[in-house]
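In what follows, a single structure is set out as structure tokens and then discussed.
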Amino acid sequence: MSEHVSSFQAPTGTHDVLGPASAQWEGLVAIFADFAYRYGFSLVISPLFEDVGVFNRGIGEHSDVAKKEMYVFEDRGGRTYALRPEGTASVVRAFVQHQPTTPWKAWYVTPAFRYERPQAGRFRQHHQLGVEVLGTDDPAVDVEVITLAWRFYEAIGLRRVRLLINSMGHDECRSAYVELLREHLRDNVLSLCDEHRKVWNENPLRVLDCKKDECVAVTSRGPMLPDHLCDDCREHFAAVVAGLFSLGIETTLAPRLVRGFDYYTRTTFEFVADALDGAQNAIGGGGRYDKLAEQLGGKPTSGIGFGTGIERLLLTRAAENPHAPDLVNRELDVFVVDTTGEDSATVLLDTLRQTGLAADRAYDGRSMKSQMKVADKSGARFALLIGPQELAAGEVTIRDLRSDNFEQAQQRVARADVVAVIADLLSK
RNA sequence: GUGGGCGUAGCUCAGUUGGUUAGAGCGCCAGGUUGUGGUCCUGGAGGUCGCGGGUUCGAUCCCCGUCGCUCACCCCA
């Protein structure tokens with residue numbers, strides 16, 4: 001800042017996550033990875049950018065995300081790519097490309113990019129955790145995916161989360177329904193809100209999602225999707241709801257829940273955090289996409305997935321309980337203070353770390369007082385002091401940084417015994 | 001894309017109804033005699049008052065523009 005050179009900052013809508021906040025991320029990802037493992041999922045890593053067609057065909061060219069929110073660019077070879085705006089399309093593209101044996105259960109953690117104006121809980125780069133299951137339309141897998149999400153939310157301490165669930169039907173029963181809805185909207189065009197009065201015909205389902213009083217009044221008098229499902233879809237939906245009920249997972253039937261991506265069929269769901277009173281209270285969502293693999297050039301393959309936003313999860317945790325415990329412990333065990341200027345600290349640290357302890361030190365040959373201050377701020381449980389006396393005696397002074405009694409707080413032990421003594425002290 | 005609020009030290013903010021060397025708290029660094037943190041005391045470093053232009057004898061303060069942050073709409077995680 002002292003120079004007149006211009007500097008840089010993170011692009012609009014993006015953020016650097018530094019410690020200690022980043023430890024919360026580590027914790028979330030680690031817990032989710034563990035859940036995924038316990039539910040039989042394996043990690044899938046796919047590219048952050050794809051041929052733009054993957055997303056256009058996947059999420060639908062008429063969706064808002066595809067129309068105006070994608071980061072599209074041309075590379076030096078003239079190919080048109082887009083940064084992934086969500087996780088599912090890439091994973092399904094990978095499935096189609098590699099044709100793993102089914103059912104294929106994959107989980108991911110990824111950034112997602114959307115060109116939007118940032119606001120509370122919404123960014124141009126956000127991060128999602130998610131799972132996908134390809135190759136079965138068994139309602140049991142719908143239940144399993146939703147259960148994984150639900151139990152995960154419980155595990156990270158969320159208490160005020162509601163599960164909204166709906167069925168979009170399959171191609172035929174949905175398009176039949178859309179026609180019914182279209183007729184109903186046509187008869188009531190003048191009663192719709194300003195915006196939908198113009199565009200209701202392009203995608204009638206979107207009107208269901210409108211929160212304006214005018215649109216709500218019209219659609220609530222009109223046909224509802226769950227009432228117009230075919231027998232198969234109705235049975236499938238009933239099986240999903242029954243499965244969740246048998247697990248004690250409370251569901252809210254949401255007949256007007258229409259999610260933003262066109263690929264959804266049958267089961268769709270969303271998790272809403274009541275602690276987030278802003279507009280951005282959806283912390284996760286997903287659904288079935290039985291036509292997506294075909295749309296991406298693969299064999300007809302059923303699929304279902306779920307994604308949840310890391311930033312919103314952390315916001316929700318903080319909103320529900322400002323004093324929520326850390327999701328992962330990143331405190332140091334010991335801090336080495338060495339004023340001899342020789343390599344005692346270097347050697348001792350190597351030993352400590354090899355035994356699995358978390359250990360750090362001060363640099364630049366600072367005074368003992370200065371190093372002790374750093375030790376204190378590091379949060380370490382113990383300080384290990386090496387001055388001329390310890391050096392000469394081949395010993396180390398162990399000081400308990402949580403004790404305020406000078407006499408009882410420290411003891412001198414032989415270098416060779418340090419690891420054992422520390423291990424013993426930490427186990428108490 | 002549209003609209004509101006805001007932009008002064010690393011952080012949170014005062015302040016100047018336009019006038020000499022711009023402040024506080026926290027944080028950071030160094031001391032408070034002989035090798036020891038957390039409290040306390042002292043001292044220090046650190047700011048083109050977002051950037052550009054205009055008005056003025058003079059602008060951090062007024063005006064315009066611009067960039068950025070933030071909140072909301074739309075939509076979404």
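So that the names make sense, note that chain A is the first sequence line, chain B the second, and so on, each numbered from 1. Only this structure's heavy atoms are used, side chains among them; waters, hydrogens and symmetry mates stay out.
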- Answer yes when A:R124 and A:E116 have at least one side-chain N-carboxylate O distance shorter than 4.0 Å, and no when they do not. no

- Message: Please confirm whether the shortest side-chain N or O distance from A:R402 to OP1 or OP2 of B:G37 is below 4.0 Å.
- Response: no

- Nearest to the side chain of A:L385, which nucleotide is it out of B:G37, B:U36, B:C29? B:U36

- Message: At 4.0 Å (heavy atoms only), tell me whether A:E86 reaches a base, stays on the sugar-phosphate, or touches nothing.
- Response: nothing

- For the side chain of A:M368, counting heavy atoms from C-beta on, which of B:U36, B:G31, B:C71 is nearest? B:U36

- Assign A:T12 to base, sugar-phosphate, or nothing according to its heavy-atom contacts below 4.0 angstrom with the strands shown. sugar-phosphate

- At under 4.0 Å, does any side-chain N or O of A:K377 touch on OP1 or OP2 of B:G27? no

- Query: Choosing from B:G38, B:A77, B:G35, which nucleotide comes nearest the side chain of A:K373?
  - Reply: B:G38

- Task: Counting heavy atoms from C-beta on, name the nucleotide in B:U36, B:G68, B:G35 closest to the side chain of A:R399.
- Result: B:U36

- Message: What's the closest nucleotide to the side chain of A:F123 if the choices are B:A77, B:G37, B:C28?
- Response: B:A77

- Winner on side-chain proximity to A:Q280, out of B:A30, B:A72, B:G37, is B:A72

- Out of B:C28, B:C75, B:C71, which nucleotide sits closest to the side chain of A:E69? B:C75

- Query: Contact class for A:E311 (heavy atom, under 4.0 Å): base, sugar-phosphate, or nothing?
  - Reply: nothing

- Regarding A:T397 and A:E390, is there a side-chain donor-to-acceptor distance under 3.5 Å anywhere? yes

- Item | Contact under 4.0 Å: A:R117 side-chain N or O vs B:U70 OP1/OP2 | no

- Does a side chain donor of either A:T339 or A:R366 reach within less than 3.5 Å of an acceptor in the other side chain? no

- Result for 5'-nearest mapping on RNA chain B, choosing between A:H127 and A:T339, is A:T339

- Item | Proximal nucleotide (of B:C29, B:A77, B:G1) relative to the A:R366 side chain | B:C29

- Message: Among residues at least two apart in sequence or on other chains, which ones pass ring-ring contact (aromatic ring centres under 6.0 Å, His included) with A:W104?
- Response: A:F95

- Query: Taking both distances under 3.5 Å as the test for a Watson-Crick or G-U pair, what stems of at least three pairs does RNA chain B have?
  - Reply: B:1-7 with B:67-73, B:10-13 with B:23-26, B:28-32 with B:40-44, B:50-54 with B:62-66

- Message: Once you apply a heavy-atom cut-off of 4.0 Å, does A:Q125 come out as touching a base, just sugar-phosphate, or nothing?
- Response: nothing

- Message: Tell me every residue that passes ring-ring contact (aromatic ring centres under 6.0 Å, His included) with A:F335, counting only those two or more places apart in sequence or in another chain.
- Response: none

- Task: Just call it for A:A375: base, sugar-phosphate, or nothing, with non-hydrogen atoms closer than 4.0 Å on any strand.
- Result: nothing

